[in-house]
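Below, chains carry the letters A, B, ... as their sequence lines are ordered, and counting in each starts from 1.
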Amino acid sequence: MGFFLTLVLLVASLGLAWRYLGSYMASVFEGRVHWLSWVERPLYRLLGTSPEREQSWKRYAGALVVFSGMSLLLTYLVLRLQGHLPLNPQHLGDVGSALSFNAAASFVTNTNWQNYGGETTLSYFSQITLMVQQFVTPAVGIVAAVVVVRGFARRKASAVGNFWVDLTRCLLYVLAPIAFVAGIVFVGQGAVQTLAGTATFHDALNGVTQTIARGPIAFMEAIKQLGTNGGGFLNANSATPFENPTGLTNFLSIFLVLCIPVSLTYTFGKMVGSRRHGVALLAVMAILFGSVLAVTATAEHQNNPAVAAAGVHSSVGNTEGKEVRFGDTTSALFGVASTSTSTGSADAAYDSFTPMGGFGLLVGMMFGEVSPGGTGSGLYTLLIYAVIAVFIGGLMIGRTPEFLGKKIQATEVKLAGLGALVMPIVVLVVTAIAVSTAAGRAGPLNHGPHGFSEILYGLTSQGNNNGSAFGGLSGNTPFYNVIGAIDMLLGRFAIMIPAIALGGVLARKDVVPQSLGTFRTDNTMFVGLTTGVVVIIGGLTFFPALALGPIVEQLSHGRFF
Amino acid sequence: MWTHLRRSFVMAVLCTLVFGFLYAFAGTGVAQLLFGYQANGSIGPNGSALIGQNWTGRSWFHGRPDDAGPYAANPQKNVSGGDNPLVANGVNGESGATNLGPRSKTLVADTRALVAYWHRLGVAHPTPDLVTTSGSGYDPDISPADALVQVPMVARATGIAPSRLRRLVASQTHGPQFGFLGSSYIDVLSLNEALARLRAAGS
């Protein structure tokens, strides 16, 4: 009952966000929101640009790549020099080069994969530097999606917008205000926010002396979820009460994770002048999300096979690795929200989910994270799939396909094909490398199929910029640090750049008037076709790998490894 | 390229200042002003209400077995145990789960060891929460059912009537927020503090 009401509240609040946040974001990117123009103007002067000076898609993508490279370099340097920088009350030393590279690549790609335990590795200065990327990278993802949307919205245009202006507006008008308000709620509920360092106390009742890690956690938590980042301050992420203290903050986390990716479909509909098209994309997301949630929530409500084998049968689901204040199904909902977006935060140990529960989380990522996907990346990846669906639909009825009046021709299909195929190829190749080398096979904690699942999960997560883990994998080795960083960088930019190019190519085209023979792209048929494309490309590509991991584990009745 | 580099550098530095330091410092200021107790870790006289502790013996209610049986701290073997947010009784640790998979032989063996651990304490039918570990490694809470199965153990050790203890458990139970968000839970530290007051009043 509680779970049902939680879902009702979630759908209702996301519906409100979809309508109002979606419309607000359209206004922001169409330049109609000005309440912080007194901050914007001097900034543009400093950068030597202005909203009127728009860029071609190549210059836009160039600025995005150079800016991301600069962020990578500065973040890397801060981690390497941590021991010499201020705000380091625990006197932690410099971070090693391979780990710094992995962490910098991880936060610059919106992945937030963490091969370190935050409270024992990073100073407040480093954590705050990583948090900067938690603001910047969702903004980068959103502006890339906005370019694709403008590609459909504009006619015969060579310019797609100004990267610096879009980035600034996204940060100032969308991310910062929402994160700040959410941060206050997190603190009010019990999340920690202090710069005072650790605290030590003695419990006279049981004689325990504890030193607890503290830090500026609550406000990082807000942007961690809102920006679909997922990298927490503490090792155990949102399972720790200092990051996620109550049922309310757990719900707020799930809402924050989903609100921007969901709302962007409204932004899309509004900017291209057809809300029905936005609703169609939202329907695809909802169908995929609902299916994965049904699998994982049902699975987590079952007994943990190992616990049952020890003679303890549960009416409260799989409790291993879960927190009492959240419970089984709500932890499953959190997990699905986190892995169907590019978030990767965790309020439970995903490694200890039942085989089918973990299967759901993996599938959410293997769909390419489009249900609803990361901030911006969810929308542009789904639009890539939609272009492929239009192409297939066009082949079926035997005429040049159109999407929102734009002819989908060879160039568009090539770019979409590239965007859709990069992730599966990268993930499967790096997984094959990891299981073929001794360094890769040294990673997993668990034996048998679950050990393989840990490798597959880790590299799928990084290739999709998710960042969640089957935490048993020991990732802090030179092998996993480097291969993971490559996985993350390709998974981010080798999809984002074709997407921006697609936007640029589409923007140049004129709109073809609709006729009776036009293949409709805003009806149930098209929703089904696009869903099918996602399932076929994502699901079938990965099916053999899934069969070796969670599926064989599920079928291994009575066997333990 | 040069323009991109210059703008990237300026933007990256400004973002670090505004969305890093200004945001974190302003957030800390607001947090300390409005919610000082929470922002500093909800720390009372015996520790933080949000961080689990290791309770031993039969005269206290125990939390999740993050630090019990096979998961107990062992400085000789460099095992920190759970309930260890950074340092606990001189042993270093951090937050984290066991990460044992659902078909792990180790998890079967550990769960059996925990069942035996509860049997030794006199709890005949430990609940699932009491034989599995948490996601954070220091879950401060147990469910009402987890507390009720420990009532006979605590009653025998302290001499307090089981009915009185059950009332204590009921009074310490927090329902789901707004009636439906999350699960019912009991904060183990608060429960034991209330138990200590009851014992002091009785003796």
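Ranked by heavy-atom pairs under 4.5 Å with chain B, the list A/P305, A/G327, A/P216 is led by A/P305. Of the listed residues A/A349, A/A213, A/A63, A/A348, the one with more heavy-atom pairs under 4.5 angstrom with chain B than any other is A/A63. Of the residues considered (B/I186, B/D66, B/L100), B/L100 shows the highest number of contacts with chain A, using heavy-atom pairs under 4.5 Å. Top candidate by heavy-atom pairs under 4.5 Å with chain A, chosen from B/V131, B/N40, B/V10, is B/N40. Counting heavy-atom pairs under 4.5 Å between each of A/T200, A/V307, A/L234, A/T129 and chain B puts A/V307 at the top. Per-residue counts of heavy-atom pairs under 4.5 Å with chain B were compared for A/P449, A/A239, A/G317; the largest is that of A/A239. Chain B forms the most heavy-atom pairs under 4.5 Å with one residue out of A/F326, A/F242, A/Y350, and that residue is A/F242. The choice from B/G47, B/G182, B/A113 that makes the most heavy-atom pairs within less than 4.5 Å of chain A is B/G47. Most heavy-atom pairs under 4.5 Å with chain B, from the set A/E119, A/M131, A/Q127: that is A/E119. Across B/S104, B/A196, B/P45, the residue that shares the most heavy-atom pairs under 4.5 angstrom with chain A is B/S104.
Only the side chain of A/F251 comes within less than 4.5 Å of a heavy atom of chain B; its backbone N, CA, C and O stay farther away. Heavy atoms of B/Q53 lying under 4.5 Å from chain A belong to its backbone as well as its side chain. Both the backbone and the side chain of B/A26 come within contact range of chain A, judged by heavy atoms closer than 4.5 Å. Of the two parts of A/N250, neither the backbone nor the side chain holds a non-hydrogen atom closer than 4.5 Å to a non-hydrogen atom of chain B. At a 4.5 Å heavy-atom cutoff, the contact between A/R59 and chain B is made by backbone and side-chain atoms alike. Using a 4.5 Å cut-off between heavy atoms, A/L473 does not touch chain B at all. Heavy atoms of A/V312 lying under 4.5 Å from chain B belong exclusively to its side chain. Looking at B/F178, only its side chain comes within 4.5 Å of chain A, counting heavy atoms on both sides. Proximity to chain B (any heavy atom under 4.5 Å) is shown, for A/L175, by neither the backbone nor the side chain. Of the two parts of B/I142, only the backbone, made up of N, CA, C and O, holds a non-hydrogen atom closer than 4.5 Å to a non-hydrogen atom of chain A. Heavy atoms closer than 4.5 Å to chain B are found in the side chain of A/E454, but not in its backbone. Within the 4.5 angstrom heavy-atom criterion, atoms from both the backbone and the side chain of A/I184 approach chain B. Looking at A/Q134, neither its backbone nor its side chain comes within 4.5 Å of chain B, counting heavy atoms on both sides. Residue B/L14 touches chain A through its side chain alone, counting heavy-atom pairs closer than 4.5 Å. With a 4.5 Å cut-off on non-hydrogen atoms, B/L195 does not touch chain A at all. Neither the backbone nor the side chain of A/H447 comes within contact range of chain B, judged by heavy atoms closer than 4.5 Å. Residue A/T198 touches chain B through its side chain alone, counting heavy-atom pairs closer than 4.5 Å. Residue B/L114 does not touch chain A at all, counting heavy-atom pairs closer than 4.5 Å. Residue contact with chain A, scored on non-hydrogen atoms closer than 4.5 Å, involves the backbone and the side chain of B/E94 alike. Heavy atoms of A/T75 lying under 4.5 Å from chain B are absent altogether. Only the backbone of B/S184 has a heavy atom closer than 4.5 Å to any heavy atom of chain A. Looking at A/V208, the atoms closer than 4.5 Å to chain B (heavy atoms on both sides) sit in the backbone and in the side chain alike. Heavy atoms of A/F219 lying under 4.5 Å from chain B belong to its backbone as well as its side chain. For B/A24, the parts sitting under 4.5 Å from any heavy atom of chain A are the backbone and the side chain alike.
Of the possible donor and acceptor atoms, none in the side chain of A/Q210 sits under 3.5 Å from a partner among the backbone N and O of B/A88. Checked by atom type and distance alone, the side chain of A/R214 never pairs as donor or acceptor with a backbone atom of B/G41 at under 3.5 Å. Counting only distance, with no hydrogens or angles, the side chain of B/Q38 and the backbone of A/Q189 share no donor-acceptor pair below 3.5 Å. A donor-acceptor contact shorter than 3.5 Å links the side chain of B/R112 to the backbone of A/A309. For A/N235 (side chain) and B/S95 (main-chain N/O), a donor-acceptor pair under 3.5 Å exists by modelled atom type. Counting only distance, with no hydrogens or angles, the side chain of A/E323 and the backbone of B/G135 share a donor-acceptor pair below 3.5 Å. With hydrogens and angles disregarded, no donor-acceptor distance shorter than 3.5 Å links the side chain of B/S134 to the backbone of A/K322. At least one donor-acceptor pair under 3.5 Å links the side chain of A/E320 to the backbone N or O of B/T133. Counting only distance, with no hydrogens or angles, the side chain of B/S8 and the backbone of A/F67 share a donor-acceptor pair below 3.5 Å. Remark: side-chain polar atoms of A/D351 are not paired, donor with acceptor, to backbone N or O of B/G101 under 3.5 angstrom.
Figure legend: cation-pi geometry between B/R103 and A/F561 absent, as NZ or CZ is not positioned both under 6.0 Å from the six-membered ring centre and within 45° of its axis.
In the displayed structure, B/R167 atom CZ is contacted under 6.0 Å by more than 12 heavy atoms of other residues, nucleotides or ligands.
Between B/F21 and A/F125, a ring centre-to-centre spacing shorter than 6.0 Å is recorded. Taking the six-membered ring wherever Trp is involved, the centroid distance between the rings of B/Y23 and A/F135 falls below 6.0 Å.
Contact annotation: the side chain of B/P102 never approaches that of A/N318 to less than 4.5 Å [non-hydrogen atoms, C-beta and beyond]. Side chains of B/L86 and A/T120 form a contact here, defined as non-hydrogen atoms less than 4.5 Å apart. Side-chain atoms of A/R325 and B/P176, non-hydrogen and from C-beta on, never get closer than 4.5 Å to each other. A 4.5 Å side-chain heavy-atom check between A/V66 and B/L5 finds at least one atom pair inside the cut-off.
Note that CG of A/N304 and CG of B/L107 are 5.5 Å apart. Values are rounded to the nearest 0.5 Å. Here CG of A/N446 is found 12.5 Å from NZ of B/K105. Values are rounded to the nearest 0.5 Å. One distance of note links CZ of B/F19 with CD1 of A/I223; it measures 9.0 Å at 0.5 Å rounding. Taking CG of B/L50 as the start and OG1 of A/T246 as the end, the distance is 9.5 Å to the nearest 0.5 Å. In this structure, OG1 on B/T98 lies 8.0 Å from CG on A/L445, to the nearest 0.5 angstrom. From B/I51, atom CD1 reaches atom OG1 of A/T211 across 11.5 Å, with rounding to the nearest 0.5 Å.
Across all non-hydrogen atoms, the minimal contact from B/C15 to A/L171 is SG-CD1, 4.0 Å. B/R7 and A/L47 make their closest contact through NE-O, 2.8 Å (heavy atoms, listed as atom of the first residue, atom of the second, distance).
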Would B/T132 and A/T319 satisfy side chain to side chain donor-acceptor pair (under 3.5 Å), going step by step from the backbone distance to the final call? CA-CA 6 Å; B/T132 54; A/T319 58; 2.6 Å; yes
